[in-house]
Chemist: 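Shown below is the structure under consideration.
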Amino acid sequence: MNQLTGVERLAALLRESGRTVALTGAGISVPSGIPDFRSPGTGLWEKVDPMEVAHIDVFLNDPARFWSYYRPRFGMLSDKVPNPAHRALARLEEQGMLDAVVTQNIDTLHRKAGSRKVVEVHGTIDTGSCWTCGRTYPRDDIESLFDPEGIARCACGGHVKPDVVLFGEMLPETAMLEAHALCERADLLLCVGTSLEVYPVAGLPSVTRSAGGAVAIVTKGPTPYDADAEVRLDGDVVEELEALLRLL
Ligand code: ZN
């Protein structure tokens with residue numbers, strides 16, 4: 001009998017799985033032209049350390065500096081479109097082979113690609129909320145809120161913060177509980193474009209495995225779960241997922 005290739009084994013796992021959940025990270029949006037800031041030498045991310053500027057303390061203490069970094073980033077992300085890897089996951093959901101996408105990405109590209117059940121554990125650039133009164137503004141309205149100092153201000157005078165999780169902030173509890181429940185029930189957790197290094201999301205594959213489910217990984221570079229994964233694909237996310245779709 002011929003040895004199955006990695007992508008053939010992944011297709012078999014998907015067919016056998018009653019509940020499959022995808023867990024995605026920055027790597028799935030790289031083909032859409034959104035650099036992974038953890039990779040060195042990539043455009044906007046080159047000149048500043050995002051872990052220092054996109055920090056809740058900078059937003060609270062020096063909002064002009066925070067927005068000088070975040071405002072162009074907001075604009076850049078808004079123009080991006082989904083790539084075939086995002087569309088492959090939307091297609092799997094449409095075919096009833098994928099229950100949900102849990103994503104660390106804030107770029108909204110899964111929803112733009114047509115995925116319906118998306119849990120955004122790091123928040124989204126779609127909205128911003130006033131730190132003082134809690135009023136929420138859609139992304140398109142935020143640009144009109146900037147004062148001459150370059151700070152987004154609510155009608156109440158408070159500072160508007162993008163609804164993304166900044167460094168130094170906790171992950172939203174509701175989204176994390178939902179992600180945890182999905183991973184616990186999953187027969188298969190398909191991790192795409194994530195190095196599985198940032199907690200608490202990095203703990204989700206363990207949740208699936210402890211509950212008796214399997215983990216498959218499609219990402220470039222090593223992850224802490226490589227030895228435990230049923231399938232480990234190291235190629236380009238677009239090529240791997242397109243090959244997978246052709247087999248289903
Ligand atoms: Zn307000």
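Numbering starts at 1 and runs along the sequence shown. Just so you know, ligand 1 is whichever comes first in the structure, and atom 1 is the first atom listed for that ligand.
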Chemist: So if I apply the side chain to side chain contact (heavy atoms under 4.5 Å, CB included) rule between L241 and each of L233, N83, V7, L89, which one comes out positive?
Modeler: L89
Chemist: Taking the basic N atoms (NZ, or NE/NH1/NH2) and the acidic carboxylate oxygens, is any pair closer than 4.0 Å for R111 and D126?
Modeler: yes
Chemist: Please find the pair of heavy atoms, one from L204 and one from C183, that lie closest to each other, and give the distance.
Modeler: CB-SG, 3.8 Å
Chemist: Salt bridge check, R71 against E143: does any charged N sit closer than 4.0 Å to a carboxylate O?
Modeler: yes
Chemist: Over 60° means perpendicular and under 30° means parallel, so tell me whether W67 and Y70 are parallel, tilted or perpendicular.
Modeler: perpendicular
Chemist: For K220, is there an ion pair with E240 - N to carboxylate O distance below 4.0 angstrom?
Modeler: no
Chemist: For a distance under 2.8 Å, give residue and atom name for each protein N, O or S atom next to the Zn ion (ligand 1).
Modeler: C130 SG, C133 SG, C154 SG, C156 SG
